[in-house]
Amino acid sequence: MVMVIEIMVTGLGAYLAVGVLAATALHLRGLRTIDPGVIGSGFGFRLLITPGLVALWPLMIGAWRRALRGATNDPEID
């Protein structure tokens with residue numbers, strides 16, 4: 001049982017580590033590609049959304065990839 005818990009904690013740590021790297025990349029480049037309204041936003045806004053970026057990094061990376069391809073966020077258009 002202890003081994004399973006150690007594996008789960010290690011997996012969660014790895015997920016969060018990748019999330020921190022992804023959040024950093026999103027803050028530096030990705031957010032302005034996904035939503036140009038982010039340009040010029042302050043430190044407080046970025047601090048506020050960072051936990052969500054870390055937790056939801058697979059979805060945000062997917063949105064960034066779609067934005068780079070020129071796709072919209074509207075499922076009726078895509």
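Only heavy atoms go into these numbers, but all of them, side chains included; no hydrogens, no water, no symmetry mates. These figures come from a predicted structure and were not determined experimentally.
- For R32 (side chain) and V38 (main-chain N/O), no donor-acceptor pair under 3.5 Å exists by modelled atom type.
- Residues I61 and V18 are members of one and the same hydrophobic cluster, defined by side-chain heavy-atom contacts under 4.5 angstrom among Ile, Leu, Val, Met, Phe, Trp and Tyr.
- Side-chain contact between V20 and T50: absent, with no pair of heavy atoms (C-beta onward) separated by less than 4.5 Å.
- Residue L56 is not grouped with residue L26 when hydrophobic side chains (ILVMFWY) are merged at heavy-atom distances under 4.5 angstrom, including chains of intermediate members.
- Within the 3.5 Å criterion, the main-chain N or O of G37 finds no donor-acceptor partner in the side chain of S41.
- Distance check, rounded to the nearest 0.5 Å: CZ of F43 to CG of L47 gives 5.0 Å.
- A donor-acceptor pair is defined here as one N or O able to donate and one able to accept, closer than 3.5 Å; no such pair exists between the side chain of Y15 and the backbone of V54.
- Of all heavy-atom pairs spanning H27 and R46, the tightest one is O-NH1, 3.1 Å.
- Atom CH2 of residue W57 and atom CG of residue L16 lie 10.5 Å apart, to the nearest 0.5 angstrom.
- When each of V9, I7, V2 is checked for a side chain to side chain contact (heavy atoms under 4.5 Å, CB included) with I5, only V9 meets the rule.
- Within the 4.5 Å cutoff, the side chain of T24 has no heavy atoms near those of the L53 side chain.
- Linking ILVMFWY residues whenever their side-chain heavy atoms come closer than 4.5 Å, directly or via other members, places I34 and F45 in the same cluster.
- No path of Ile, Leu, Val, Met, Phe, Trp and Tyr side chains, each step under 4.5 Å between heavy atoms, connects L59 with I49, placing them in separate hydrophobic clusters.
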